[in-house]
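First comes the structure, then the notes that go with it.
What you are looking at is a predicted structure, and each value in this text was computed from that prediction instead of being measured. Read the numbers this way: they start at 1 and go in the same order the structure lists the ligands and their atoms.
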Amino acid sequence: MAQRASQPRQRLSSSQVSMDKLVSLCKRRGLVFPSSEIYGGLGSTWDYGPLGVELKKNIKDAWWRSLVQSRDDVVGIDAAILMHPQVWVASGHAEGFSDPMVECKECNRRWRVDEVIIHNMVSDSKCPECSAVDSFTEPRQFNLMFKTFVGPVEEGAAQVWLRPETAQGIFVNFSNVLNTTRKKLPFGVAQIGKAFRNEITPGNFIFRSREFEQMEMEFFVKPGTDDEWFRYWVEERYHWYKGLGIREENLRLRPHGDDELAHYARGCYDVEYLFPIGWSELEGIANRGNFDLSQHASYSGKDMSYFDEETSQRYTPYVIEPSAGVDRSALAFLVDAYDEESDPSPTSGQGKEEVRVVLRFHHDIAPVKVAVLPLSRKEPLADRARDIYAELRKHWVVQYDEAQSIGRRYRRQDEIGTPLCVTVDFQTLEDNAVTIRHRDDMGQIRVPVSGLADTLRHKLAGEDIMVLPPGGAVWKTGGE
Ligand code: GAP
């Protein structure tokens with residue numbers, strides 16, 4: 001009973017999305033703001049606004065549902081950001097977590113060595129900023145960990161680090177989790193939290209920043225079964241993004257070459273996404289072997305082994321680690337969802353062609369699920385609409401909007417990716433029915449207010465619904 005469905009059309013490809021337009025949309029609509037903006041901002045740090053925080057929460061919830069809630073072999077923890085400094089000695093980060101960096105003597109811009117090579121494709125002698133040739137300093141190692149101090153006076157206080165990955169909080173709690181949950185191998189421990197890296201060249205909006213969130217899971221397995229589990233998690237993680245609507249043509253898996261592997265890894269695959277800056281890492285899935293547990297056992301003097309009751313053997317488990325960034329995922333979901341089309345129902349009324357900007361988010365990811373739009377802001381219509389709004393808010397994040405024309409309000413909701421709008425019109429007062437308008441095809445159906453939440457739930461789940469007119473009456477459909 002959809003009133004209108006627009007013709008299928010080619011969507012904007014992710015590489016055509018303008019990062020500038022996306023950044024400006026994010027700021028205008030309260031998704032992402034530059035941090036400390038009133039003081040001129042702090043380079044490459046970002047604050048999430050009212051809609052951005054919902055977007056991130058939806059990504060984290062979807063990850064937690066998939067990796068923890070729906071499985072009986074993974075549990076969660078939430079470890080502290082500040083950890084004993086020996087953790088980073090044992091993990092190898094104090095020594096090895098660094099990037100070689102060069103500085104151009106002409107323009108003083110600093111670069112990671114690999115960036116210069118990527119820019120120049122073959123040579124590493126030309127500055128990508130000012131084009132000066134052979135003007136780089138010798139590469140220097142630059143540790144990416146942020147230092148801070150615990151205690152009131154800096155000199156006497158212990159120096160600690162802000163964690164550069166959440167993973168170590170899991171490794172140091174391996175025995176605690178094992179003893180308290182009585183889990184048997186294979187099992188995983190998951191964590192979502194902030195990580196900090198003093199990146200030399202942060203940038204590309206929220207793609208690379210100095211403060212970001214990670215979603216990491218350490219899956220402990222019996223040595224010898226690690227290859228199989230490694231393949232399993234690579235597949236799982238790839239399909240997680242697909243299941244949340246990321247287009248297949250924008251996703252690929254790339255194995256790391258031996259020269260790229262992190263100091264702890266036996267093997268690694270990146271899930272890559274076709275960002276507007278090109279194919280880049282979205283998530284890494286690594287086989288870390290028993291590197292971390294063995295290192296912590298040796299540095300702490302504590303036993304980190306596992307007794308296998310089936311084989312009566314004691315060994316140090318291997319670990320498979322899917323490690324994703326919340327912010328980088330948010331960027332991928334935003335880019336993938338971003339679409340522009342010429343507006344079939346321009347609101348200007350001047351016949352001038354307008355552009356309809358739509359974020360075609362998967363319903364699980366969309367920051368706002370439903371908007372309630374009364375055709376008039378006067379009573380008794382507004383009162384009725386507010387009652388419906390109050391009811392729906394028990395189930396989802398819902399917006400109420402009564403300002404300007406209905407066309408403009410639909411566009412505002414399209415721009416933030418709200419999948420469904422509920423329009424309350426004058427006939428609602430007589431027939432107790434409302435119009436649901438769908439973001440993607442702009443089709444509309446008229447449905448009774450009773451059971452509206454159920455109807456919306458079906459629509460959000462992408463199920464086709466048949467709405468039967470009460471008493472066989474001709475059922476009116478609304479118009480945009
Ligand atoms: N524990 C393994 C680990 O941390 P990583 O490849 O360095 O591995 C994992 O980081 C993920 O964290 C990346 O795939 C990316 O999504 C995210 N990430 C890493 N550095 C980031 C940064 N500076 N800004 C935003 N996200 C970052």
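- At the shortest separation from atom 17 (C) of ligand 1 among protein heavy atoms lies Gly325 CA, 3.8 Å.
- At least one side-chain heavy atom of Tyr315 sits less than 4.5 Å from a side-chain heavy atom of Asp308.
- With ligand atoms numbered from 1 in the order given, ligand 1 contributes 14 (O) to contacts under 4.0 Å with heavy atoms of Glu283.
- Asp303 and Ser305 share a donor-acceptor pair across their side chains, judged by distance under 3.5 Å alone.
- Applying the side-chain hydrogen bond (donor to acceptor under 3.5 Å, both in side chains) rule to pairs touching residues 175-184 yields Asn173-Asn176, sequence neighbours excluded.
- Looking from atom 12 (O) of ligand 1 to the surrounding protein, the closest heavy atom is Gln214 NE2, 3.3 Å.
- Smallest separation of non-hydrogen atoms from Lys369 and Pro419: O-CD, 3.2 Å.
- The contact set between ligand 1 and Glu216, taken as ligand atoms under 4.0 Å from a residue heavy atom, comprises 1 (N), 2 (C), 3 (C), 4 (O).
- Between Asp327 and ligand 1, not a single N/O pair is under 3.5 Å apart.
- For the residue pair Glu106/Ser135, the side-chain donor-acceptor check at 3.5 Å is not satisfied.
- Counting only N and O atoms by type, the side chains of Ser14 and Asp336 include no donor and acceptor under 3.5 Å apart.
- For atom 25 (C) of ligand 1, the closest heavy atom belonging to the protein is Phe207 O, 3.2 Å.
- If you check which protein heavy atom lies closest to atom 14 (O) of ligand 1, you get Glu281 OE2, 2.5 Å.
- The shortest N or O to N or O distance between Pro164 and ligand 1 is not under 3.5 Å.
- Between the side chains of Gln413 and Gln399, at least one donor-acceptor pair of N or O atoms lies under 3.5 Å.
- For ligand 1, the atoms closer than 4.0 angstrom to any heavy atom of Ser209 are 22 (C), 23 (N), 24 (N), 25 (C).
- Shown are Lys57, Lys194, Arg163, Lys56; of these, the salt bridge (Lys or Arg N to Asp or Glu O under 4.0 Å) with Glu213 is made only by Lys56.
- Of the protein's heavy atoms, Arg197 NH1, 2.8 Å lies nearest to atom 7 (O) of ligand 1.
- Smallest separation of non-hydrogen atoms from Phe361 and Gly417: CD1-CA, 4.1 Å.
- Among all protein heavy atoms, the one lying closest to atom 9 (C) of ligand 1 is Ser323 OG, 3.0 Å.
- Of all the atoms in ligand 1, the ones that sit under 4.0 Å from a non-hydrogen atom of Glu165 are 1 (N), 2 (C), 3 (C), 4 (O).
- For atom 2 (C) of ligand 1, the closest heavy atom belonging to the protein is Glu321 OE1, 3.1 Å.
- A donor-acceptor contact closer than 3.5 angstrom is absent between the side chains of Glu281 and Tyr273.
- Remark: distances from the non-hydrogen atoms of Gln168 to ligand 1 are all 4.0 Å or more.
- Contact annotation: for Arg208 versus ligand 1, heavy atoms closer than 4.0 Å belong to both the backbone and the side chain.
- For Gln86, the CD atom is densely surrounded, since the number of other residues' heavy atoms within 6.0 Å is greater than 12.
- When heavy-atom distances to ligand 1 are checked against a 4.0 Å cut-off, Leu282 comes that close only through its backbone atoms N, CA, C and O.
- For atom 18 (N) of ligand 1, the closest heavy atom belonging to the protein is Phe212 CE1, 3.6 Å.
- Remark: Arg437 is positioned above the aromatic ring of Tyr410, its terminal NZ or CZ atom under 6.0 angstrom from the ring centre and at most 45 degrees off the axis.
- Not a single heavy atom of Arg210 sits less than 4.0 Å from an atom of ligand 1.
- Proximity to Arg288 (heavy-atom distance under 4.0 Å) selects the following atoms of ligand 1: 1 (N), 2 (C).
- Residue Tyr264 places a heavy atom less than 4.0 Å from ligand 1.
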